[in-house]
Every structure is written in structure tokens, then in C-alpha cells.
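Letters go in sequence order (proteins before strands), and every chain restarts at 1.
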2 protein chains.
Amino acid sequence: MSPRNSVVETRRTRQRIVDRGLALASVDGLEGLTIGRLAADLGMSKAGVLGHFGTKESLQLAVVDAAAELFSEEVPGRAPASAPGLPRLRALCEAWVSYLERGLLPGGCFFTAAAAEFDGRGGPVRDAVAGLDALWQRDLRIHLRRAQTAGELPAGTDADQLLFELVGVMLSLNHALQLHRDPHAADRARRATRRLLGP
Amino acid sequence: MSPRNSVVETRRTRQRIVDRGLALASVDGLEGLTIGRLAADLGMSKAGVLGHFGTKESLQLAVVDAAAELFSEEVPGRAPASAPGLPRLRALCEAWVSYLERGLLPGGCFFTAAAAEFDGRGGPVRDAVAGLDALWQRDLRIHLRRAQTAGELPAGTDADQLLFELVGVMLSLNHALQLHRDPHAADRARRATRRLLGP
DNA sequence: CCTACCGATCGGTAGG
DNA sequence: CCTACCGATCGGTAGG
């Protein structure tokens, strides 16, 4: 048995805190996430929770990182391996729709919520959210451009325009699912994606 | 001069509170809006603010109503009068893009933010936001269907699918403006709208 | 519309 | 990782 305060146990506890924090923040927002409720939820003291992070802002940043890791596992990680360019792009979009459809987090897509919550402010949390969003869009843009130069898209296609519209499809999907529980939303997102990227 | 506590003065004060509350909530969210900060901002006491509403939830509902009124003035109210169906729909969408582009509220589109903030919860505020969103989408759907039966849209067009994609365009526009301050976002939204509704 | 106050909870610290 | 505590602020009330 490992001693109670071993490094591995400490890491495991930290992971438990962050995972639970991610679930709570997906419902109540990153600012609505409080150390007291998180501690009570985990059966720990506030000081025990905060000791792993030092400040609430550090905890928020750790939760943002965990959300990025989850997204990465569930979307690029689940998309079947496909050739770079259009095939990979289609696989990524289908995995993205599926991720939103499955509703892994109780409050829907964490990044959509965090972006809306922090987009009017400054600070490290806002920067982290914006940076991760930009990173994901850059990935998509690379595949779009490759598809374009490979002639996989109609002549004259504007890759950035297409990306703007793809992002809109996913935002609309999250909106319809979370606010209206629309059972047709995922089908609509798939049809819209097909219209943008071909069948 | 009207006496200090006349009905008209009371109404005016209430309006001042709600207007300021809307601006604050667009940045910090409806839950992040606190009675104390709102009071300090207005040079009033907390009790003076709360007296107009009774509870924070009532204040939140009043702010949601004010946001709906602003949207109504700025989008349908500014769209040039046009024939029902496709012409009116195009005018509404252009006014919608313009509303988001002008950034009237410091935190961007209030309804997008409120929808993301409350979509994982229950209660009267969530219901009010969802209801107003549904009302606006119903307006758009009516014009879409009229355009369809009038033969103003390509044969086989699915009005609900088109609506889903239009909403996505506006959500993507708000996202690009607020999170990334993308200067091309409004142009992209206009191009996407033209692709959906014709030139 | 104010002052004065309530109990609860906030983020965070001291000390072990 | 805990208990015990800090000052600040929360939503809300009493009484005028």
C-alpha cells in the first residue's frame, strides 16, 4: 500500500478535484464554481482543496486544461484516422457533432460556456480559453487549406469562410441541444456539415 | 416640479437600475450581477435598489425583459420595412448582423451569454431566456415558410434546417467578435447569410 | 429611498 | 490533508 501522502495519491486527489470541478463548472460556470461547494461535494475541507492550487484562478485554469484534455480525447482522439485534408476534416466534424450530442458534461460544451462567460473580460482565464479555441480552429484550418490545394473542395472556396460557417454549425447544435433540447439538432448539424464539406 | 417620490420618478429610477444592470450583466453574467455593485455603481443603497424588485431573481427577470426590448428595438425595429417572406427575412438578418457588429452592450449579445449561462439549470430565468429565444426563432420561421410557399427559395428547401444554419451564423459572428475580436467576422456573416438566403 | 443590521458564504491564511 | 479563523461581500429584512 502506498503511504497516505505519497506523490501518486496527491496527484490522484488533484485529478479528482479537477474532474469534479469541470462537471460543476459546466453547469454553474467557472466563476460560479466555488471552493466551498467543491470541497463539500468531495467530502474534503476547503483548505484541502485550495492547497492543490493556491488560488481560485489557478483552480479555474486547471479546470480549463482538463476541459481541453477531455475535448482532445473525445473529438480528435475518437475521429477515425483518415488522410489529411478533407477526409480527416469530415471525421473530425462527425466526432465533434457526436461529442456534443452525447452530452458528456452536465452543462453542455464547456468551451462554449466558458467563452461566453469570459469573453467580455480580461485575465489569464479568458486568455487560456481564447488560446485553446484558436488552437483548435488552427487545426481545422490546416486541413481545410490542404483540402483546398488538393482540389477536394469546389474551386474558389474560401477556407476561412468555410471554417466560420462550420463553427457556427457546432455552436447552433450546442445551443439547440442545451437551451431547447431539440431532438433533431444533431441531424441538422450533420446535414449542414454535409452541405459545407460535401457528402 | 414633481415630488421626489412621484410615480414617474419611481419608474425612471427603476429604468436606470435595469439599464445599468443590463450593461453589467452583459459582462459578468446574470448571476455575477450583484445588488451591492449595482447599487454602488448607481450611487444608491442596496435596499434602495432591491426595493424595486424584492428579490435578485426578480431583478434578473427585469434585466432579461430589458434585453428583449433592446433587441426588439435594434433588430426588428431597425430592419427596413419589407414584404413578408424572403425580403423581410433578409432585412432582419442584416439588422441582426449590424446589431452584433455595433456591440451595443459591453459584453456582447446578452441573449447568447444568458443562454450559455443558464442552459444547464432550471428556474424562471432560464425559462424566460429560452422562451424569448423561441419567440424570435418562431418569427423567423414564419417568414422562412412564407418564402418557401411563395417559391422564393429553391425547391426542396427545409425551412427548419435553414433556420438552424442562420442561427449558427449569428452565434459564430458573436463568438468571433467577442472572443477573438475578428475584424472580418461581420463580412463572413453577411456572406454566409447570402449563401443561405440568396444575394 | 435611507441606515443599520442579519446569517451565510466567499476566497484565502495560520498552524499543525 | 485538517481545524480554526480572517475580513469582505452576498441576498435580504426591519424600521423609518
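- Non-hydrogen atoms lying under 4.0 Å from DNA chain C are contributed by nothing in residues 20-28 of chain A.
- Atoms NE2 (His52(A)) and P (dC2(D)) sit 9 Å apart, rounded to a whole Å.
- Whole-Å rounding puts the Leu30(B) CG to dG11(D) C1' distance at 16 Å.
- Within the structure, every side-chain polar atom (N or O) of Thr10(A) is placed at least 4.0 Å from both OP1 and OP2 of dC1(D).
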Exercise. Using Watson-Crick and G-U wobble pairs whose two distances are both under 3.5 Å, how do you write the pairing of DNA chain C as dot-bracket, with | for links to another strand?
Worked result: ||||||||||||||||

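- The CG atom of Leu59(B) sits 9 Å away from the P atom of dG11(D) (whole-angstrom rounding).
- A donor-acceptor pair under 3.5 Å links the side-chain atoms of Thr157(B) to the main chain of Pro154(B), judged by distance alone.
- Between Leu163(B) and the options Leu196(B), Asp158(B), Leu144(B), a side-chain contact (heavy atoms from CB on, under 4.5 Å) holds for only Leu144(B).
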Between side-chain atoms of residues 164-173 of chain A and protein atoms elsewhere (two or more places apart, or another chain), which donor-acceptor pairs fall under 3.5 Å?
| residue | atom | partner | partner atom | Å |
| --- | --- | --- | --- | --- |
| Glu165(A) | OE1 | Arg195(B) | NE | 3.1 |
| Glu165(A) | OE1 | Arg195(B) | NH2 | 2.9 |
| Glu165(A) | OE2 | Gln161(A) | NE2 | 2.8 |
| Glu165(A) | OE2 | Arg195(B) | NE | 3.4 |
| Ser172(A) | OG | Phe164(B) | O | 2.8 |

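- For Glu101(B), the salt bridge (Lys or Arg N to Asp or Glu O under 4.0 Å) criterion is met by Arg190(B), not counting sequence neighbours.
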Could you tabulate the donor-acceptor pairs under 3.5 Å formed by side-chain atoms of residues 117-128 of chain B, not counting sequence neighbours?
| residue | atom | partner | partner atom | Å |
| --- | --- | --- | --- | --- |
| Glu117(B) | OE1 | Leu30(B) | N | 2.9 |
| Glu117(B) | OE2 | Leu30(B) | N | 3.4 |
| Glu117(B) | OE2 | Glu31(B) | N | 2.9 |
| Arg121(B) | NE | Glu117(B) | O | 3.3 |
| Arg121(B) | NH1 | Glu31(B) | OE1 | 3.1 |
| Arg121(B) | NH2 | Glu117(B) | O | 3.4 |
| Arg126(B) | NH1 | Asp119(B) | O | 2.7 |
| Arg126(B) | NH2 | Leu179(A) | O | 2.6 |

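- More than 12 heavy atoms of other residues, nucleotides or ligands lie within 6.0 Å of CZ in Arg141(A), so this atom counts as buried by the packing criterion.
- Proximity of the aromatic rings of Trp136(A) and Phe71(A) is defined here by a centroid distance below 6.0 angstrom, and this criterion is met.
- Panel note: side chain Arg90(A), backbone Pro199(A); a donor-acceptor pair is recorded below 3.5 Å.
- In the hydrophobic cluster analysis, where Ile, Leu, Val, Met, Phe, Trp and Tyr join through side-chain heavy atoms closer than 4.5 angstrom, Leu61(A) is grouped together with Val63(A).
- When rounded to the nearest whole Å, the span between CG of Leu42(B) and P of dC2(C) equals 10 Å.
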Would you tabulate the nitrogen or oxygen pairs shorter than 3.5 Å linking the protein to nucleotides 4-10 of chain D?
| residue | atom | partner | partner atom | Å |
| --- | --- | --- | --- | --- |
| dC10(D) | OP1 | Thr34(B) | OG1 | 2.8 |

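- A donor-acceptor pair is defined here as one N or O able to donate and one able to accept, closer than 3.5 Å; such a pair exists between the side chain of Thr193(B) and the backbone of Ala189(B).
- Residue Arg11(B) forms a side-chain contact (heavy atoms from CB on, under 4.5 Å) with just one option from Val7(B), Val8(B), Thr13(B), and that option is Val7(B).
- Put simply, CG on Leu38(B) is 12 Å from P on dC1(C), counting in whole angstrom units.
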